**Student:** 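Following this message is one structure expressed as structure tokens.
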Amino acid sequence: MGRIIECEPLYFWNGPNVNWPIHESPCSWSGQLTDDQQRAADRISTAIVTNEKEMLVWAVCGAGKTEMLFPGITEALRLGKRICLATPRADVVRELQPRLEQAFSEVSIQALYGGSEEKKATAQFIIATTHQLLRFKQAFDVMIIDEIDAFPYHADPSLPFSANRAIKKDGTNIYLTATPRQKHRIQIARKKLPHIFVPIRFHGRPLPVPIFKMCSSLKKDLKKSLPPKAFFKWYKQRERPERQLLFFVPTITLAEKMKAELTIRLLNEGLIKKESEIVFVHASDQDRTEKVNQFRQKKMSILITTTILERGVTFPSVDVVIVDAGNRIFDEAALVQIAGRAGRSPNDPTGDVLFFHDGKTEAMVQAVKSIIAMNKRGGFR
């Protein structure tokens, strides 16, 4: 947004409404939705066409929420509506932009986030971080908020305020999440929030269930900036050593220090061949986009990360580890989302997920219960 002070005047358009183009066949995506995805897509389309005020799409990690939106977005563009797809994380905006530009190649699309080259925000289809919604007032017919439960959206009242101000009075709000917060679950239970539930991943396989690894010496190991001995034992013996590893830690300081210590240890034991195989990334890392892309291109074996990569990013074949999973930074939603990074590809629909801890927390227990419950609802036992 740049620097704004309290006494600075802000302006909004109060002239005639813009007539956006009507697109007869805006979608150039040629993929096929599964039956569960199609059911959700039809419900989203109905909400948009009939101008429903709001609805929530509750779909498990890896269900293919983006593709489920395509029919609804198509209907909106056929009706000459303006659309915004907003998400709390800039990484997600950067990942969504090329996918949506490819799927709607004839439609004007702009992406807005801190540091983005695009500033005008004059396109019919806007992809933005939720912070960027401060730029708009009654500008959109359809507002899609991805990862509505993610930080900072659920913790900062100014962001839902901005989202509500950015949509027209008769517009439609579509909320997407794999881990709805208690507020939304209560609204669903009381039938005050229309919703559709998608209990299965697009490739038809269950969610990986995390394994707890109790480590009594965890605190001592962390003081040395090393993972516990149980990690090295698992890493040497894992069934699919060709998989990359997403390695979550609770703090930036620990990520940086552990990168150095873990590199030395794995080099000495011959488990990696060169120092560049391990990289760490965090929210304020200026090179994080490049690092994530390099990891996706398999130019490194291990990516040590904070919760910045807990959601919204897809890697084809990874195992997932959380060191100090009992840390309060990892709430139930974060743990479920992190576990959901594994097994997202039909070519590798499984993946190990390990929680290294020195005492189970309520969040850990509830996260596993939630994943097992999702799998049961998807028909898995």
Side-chain angles (χ1 to χ4, degrees), residues 61 89 149-152 155 179 207-238 243-266 269 271-272 278-285 288 291-292 295 300-313 315 318-342 351-371:
C61 296
R89 303 281 175 91
D149 64 296
F151 182 87
T179 48
L207 298 161
V209 179
I211 298 168
F212 291 165
K213 291 285 186 180
M214 174 66 185
C215 310
S216 55
S217 64
L218 181 66
K219 291 290 186 287
K220 291 181 181 177
D221 294 322
L222 292 180
K223 283 183 180 178
K224 300 174 187 174
S225 302
L226 280 170
K229 293 178 182 177
F231 165 79
F232 293 102
K233 182 179 179 182
W234 165 80
Y235 192 76
K236 291 175 185 176
Q237 299 174 351
R238 61 185 183 144
R243 280 192 193 128
Q244 292 171 285
L245 179 62
L246 262 180
F247 190 107
F248 286 85
V249 294
T251 67
I252 295 173
T253 302
L254 185 58
E256 186 173 5
K257 289 181 178 179
M258 194 167 284
K259 188 266 179 188
E261 296 298 329
L262 189 60
T263 300
I264 294 169
R265 182 75 174 266
L266 294 181
E269 296 191 19
L271 296 172
I272 59 172
I278 303 180
V279 173
F280 80 96
V281 69
H282 53 84
S284 53
D285 189 339
R288 84 180 195 218
K291 289 177 179 179
V292 169
F295 187 72
M300 61 190 78
S301 302
I302 300 173
L303 184 58
I304 301 173
T305 178
T306 57
T307 54
I308 189 65
L309 295 185
E310 77 178 34
R311 60 177 78 218
V313 289
F315 305 108
V318 294
D319 288 330
V320 177
V321 158
I322 304 179
V323 170
D324 197 13
N327 191 292
R328 65 182 181 179
I329 200 80
F330 299 115
D331 62 12
E332 179 189 342
L335 293 169
V336 171
Q337 291 282 357
I338 289 170
R341 298 311 97 202
D352 290 345
V353 180
L354 287 90
F355 292 174
F356 292 95
H357 67 97
D358 58 358
K360 292 180 189 177
T361 61
E362 182 70 12
M364 291 167 60
V365 173
Q366 290 303 319
V368 171
K369 282 184 178 179
S370 176
I371 291 169

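Predicted, not measured: the structure shown is a model, and the values here were computed from it.
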**Student:** For E332 and T179, does a side-chain donor sit closer than 3.5 Å to a side-chain acceptor?
**Tutor:** no

**Student:** What's the separation between atom CD in E261 and atom NZ in K224, rounded to the nearest 0.5 Å?
**Tutor:**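 It is 10.5 Å, given to the nearest 0.5 Å.
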
**Student:** Check the pair L262, F247 against side chain to side chain contact (heavy atoms under 4.5 Å, CB included), reporting the backbone distance first and the verdict last.
**Tutor:** CA-CA 11 Å; L262 189 60; F247 190 107; 4.1 Å; yes

**Student:** Nearest 0.5 Å, please: how far is CD in E310 from CG in L246?
**Tutor:** 12.0 Å

**Student:** Keeping T361 on the side-chain end and M364 on the backbone end, is there a donor-acceptor pair under 3.5 Å?
**Tutor:**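 Yes: the side chain of T361 pairs with the backbone of M364.
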
**Student:** Just wondering, do V318 and L303 contact through their side chains at under 4.5 Å, heavy atoms?
**Tutor:** no

**Student:** If I compare all heavy atoms of Q337 with all of C61, which pair ends up nearest, and what's the gap?
**Tutor:** OE1-SG, 3.5 Å

**Student:** With rounding to the nearest 0.5 Å, note down the distance linking NE2 in H282 to OG1 in T253.
**Tutor:**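 H282 NE2 to T253 OG1: 9.0 Å, rounded to 0.5 Å.
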
**Student:** State the CZ-CE distance between R265 and M258, to the nearest 0.5 angstrom.
**Tutor:** 11.5 Å

**Student:** Contact between D324 and V249 at the side-chain level, heavy atoms closer than 4.5 Å - yes or no?
**Tutor:**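 The answer is no, as the side chains (C-beta and beyond) never meet within the 4.5 Å cut-off.
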
**Student:** Could you grab the distance from atom OG1 of T307 to atom CD1 of I329, nearest 0.5 Å is fine?
**Tutor:** 5.5 Å

**Student:** Please name all residues satisfying salt bridge (charged side-chain N to carboxylate O under 4.0 Å, His left out) with K236, sequence neighbours left out, ordered by chain then number.
**Tutor:** E269

**Student:** List the steps, then state whether side chain to side chain contact (heavy atoms under 4.5 Å, CB included) holds for L222 with V323.
**Tutor:** CA-CA 9 Å; L222 292 180; V323 170; 3.7 Å; yes

**Student:** Flag this pair as yes if the NZ/CZ of K257 is under 6.0 angstrom from the six-membered ring centre of F280 and inside a 45 degree cone about the axis; otherwise no.
**Tutor:**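 No - K257 does not lie over the ring of F280 by the 6.0 Å and 45° rule.
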
**Student:** Please name all residues satisfying salt bridge (charged side-chain N to carboxylate O under 4.0 Å, His left out) with K213, sequence neighbours left out, ordered by chain then number.
**Tutor:** none

**Student:** Measure the acute angle between the ring planes of F212 and F355, then classify it against the limits of 30° and 60° as parallel, tilted or perpendicular.
**Tutor:** parallel

**Student:** Tell me the closest heavy-atom pair linking G351 and P208, and the distance in Å.
**Tutor:** O-CB, 3.6 Å

**Student:** What closest approach, in Å, do G359 and M214 show between heavy atoms, and which atom pair accounts for it?
**Tutor:**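 Nearest pair, atom of G359 first, then M214: N-SD, 3.8 Å.
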
**Student:** Give a yes or no on whether F151 atom CZ has more than 12 heavy-atom contacts from other residues, nucleotides or ligands under 6.0 Å away.
**Tutor:** no

**Student:** Please tell me if the side chains of F356 and V321 come closer than 4.5 Å, counting only heavy atoms from C-beta onward.
**Tutor:** yes

**Student:** Just by distance, do the side chain of T251 and the backbone of L254 share a donor-acceptor pair under 3.5 Å?
**Tutor:** yes

**Student:** Do the side chain of R238 and the main chain of R243 share a donor and acceptor less than 3.5 angstrom apart?
**Tutor:** yes

**Student:** Quick check: does any side chain N or O of T263 sit under 3.5 Å from a backbone N or O of K259, one acting as donor and the other as acceptor?
**Tutor:** yes

**Student:** Taking C-beta and beyond as the side chain, do H357 and I322 meet within less than 4.5 Å on heavy atoms?
**Tutor:**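 Of all side-chain heavy-atom pairs linking I322 with H357, none is under 4.5 Å.
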
**Student:** Between C215 and A230, what is the shortest heavy-atom contact and its length?
**Tutor:**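 Heavy-atom minimum between the residues: SG-CB, 4.1 Å.
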
**Student:** Which pair of heavy atoms, one from A283 and one from T306, lies closest together, and at what distance?
**Tutor:**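 Scanning both residues completely, I find the closest heavy atoms to be N-OG1, 4.3 Å.
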
**Student:** Donor-acceptor pair, distance only, cut-off 3.5 Å: does the side chain of R341 make one with the backbone of F315?
**Tutor:**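 Checked: no pair found.
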
**Student:** Using the rule given for side chain to side chain contact (heavy atoms under 4.5 Å, CB included), can you reason through Y235 versus L245, listing the C-alpha separation, both sets of side-chain angles and the distance that settles it, and then say yes or no?
**Tutor:** CA-CA 10 Å; Y235 192 76; L245 179 62; 3.9 Å; yes

**Student:** Under the ring-ring contact (aromatic ring centres under 6.0 Å, His included) rule, what do F330 and F248 come out as? Steps first, then yes or no, please.
**Tutor:** CA-CA 10 Å; F330 299 115; F248 286 85; 7.2 Å; no

**Student:** Flag the pair L226 / F232 as yes when at least one side-chain heavy-atom distance between them is below 4.5 Å, and no otherwise.
**Tutor:** yes

**Student:** Rounded to the nearest 0.5 Å, what separation is found between the CG atom of D285 and the CD1 atom of I308?
**Tutor:**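 Rounded to the nearest 0.5 Å, the CG-CD1 separation comes to 10.0 Å.
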
**Student:** Between the main-chain N or O of D352 and the side-chain N or O of D319, is there a donor-acceptor pair closer than 3.5 Å?
**Tutor:**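 Yes, D319 side chain to D352 backbone: donor-acceptor pair under 3.5 Å.
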
**Student:** For K219 and D358, work out which heavy atoms get closest and say how close.
**Tutor:** NZ-OD2, 2.8 Å

**Student:** Determine, stepwise, if the pair V353 / I371 fulfils side chain to side chain contact (heavy atoms under 4.5 Å, CB included).
**Tutor:** CA-CA 12 Å; V353 180; I371 291 169; over 6 Å; no

